[in-house]
Amino acid sequence: MAAPSMKERQACWEARDEYWKCLDERNEDASQCKKLRSSFESSCPQQWIKYFDKRRDYLKFKEKFEAGQFQPSKTTVNS
């Protein structure tokens, strides 16, 4: 697999940003952002999609944790 060109990288990042914006505006309801998800998947290499998905999960966790909204699961508390 060849590295994406600058134009391809930019298209990927823009598709990712639009998809993430949709998720933010719709309270993480991915069913309302299917077209943008498809655009994101068709614009980015599969490895990048996997990375960006994990990155978003981490950033959302970090945001909740820093705001004091993180609630550990009962199994974690009882361990």
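Remember, predicted model here, so these are calculated numbers, not experimental data.
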Query raised in the report: Minimum heavy-atom separation for Leu59 to Trp20, with atom names?
Result: CD1-CZ3, 4.5 Å
Report summary line: For Cys33 and Leu23 the tightest heavy-atom approach is SG-N, 3.7 Å
Cut-off 3.5 Å, no hydrogens considered: what does the side-chain donor-acceptor table look like for residues 2-13, sequence neighbours left out?
{"residue": "Ser5", "atom": "OG", "partner": "Glu8", "partner atom": "N", "Å": "3.2"}
{"residue": "Ser5", "atom": "OG", "partner": "Glu8", "partner atom": "OE1", "Å": "3.4"}
{"residue": "Glu8", "atom": "OE1", "partner": "Ser5", "partner atom": "N", "Å": "2.7"}
{"residue": "Arg9", "atom": "NH1", "partner": "Pro4", "partner atom": "O", "Å": "2.9"}

Query raised in the report: Listed by chain and number, what are the side chain to side chain donor-acceptor pair (under 3.5 Å) partners of Arg16, not counting sequence neighbours?
Result: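 Arg16: no side chain to side chain donor-acceptor pair (under 3.5 Å) contacts found.
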Report task. To the nearest 0.5 Å, tell me how far Ser38 OG sits from Tyr19 OH. Result -> 9.5 Å
Report task. Please round to the nearest 0.5 Å and tell me the distance separating atom CD of Glu41 and atom CG of Leu36. Result ->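 Here the rounded value is 11.5 Å.
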Query raised in the report: Hey, does the side chain of Ser39 reach the backbone of Lys35 with a donor-acceptor pair shorter than 3.5 angstrom?
Result: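 Flag not set: sc Ser39 to bb Lys35 has no pair under 3.5 Å.
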Query raised in the report: Can you name the residues that form a side-chain contact (heavy atoms from CB on, under 4.5 Å) with Lys60, not counting sequence neighbours?
Result: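 Counting only residues at least two positions away or on another chain, Lys60 forms a side-chain contact (heavy atoms from CB on, under 4.5 Å) with Asp24, Glu28, Arg56, Glu63.
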Query raised in the report: Is Ile49 close to Lys54 at the side-chain level, that is, under 4.5 Å between some pair of heavy atoms?
Result: no
Query raised in the report: So Phe40 and Asp53, side chain to side chain contact (heavy atoms under 4.5 Å, CB included) or not? Walk me through it.
Result: CA-CA 11 Å; Phe40 171 48; Asp53 285 344; 3.9 Å; yes
Query raised in the report: Relative to the ring of Phe52, is the ring of Trp48 parallel (under 30°), tilted (30 to 60°) or perpendicular (over 60°)?
Result: perpendicular
**Report entry** Arg26 atom CZ, over 12 foreign heavy atoms within 6.0 Å
**Finding:**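 Yes, enclosed.
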Query raised in the report: Is the number of heavy atoms from other residues, nucleotides or ligands under 6.0 Å of Asp57 CG greater than 12?
Result: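 For Asp57, atom CG is crowded (more than 12 foreign heavy atoms under 6.0 Å).
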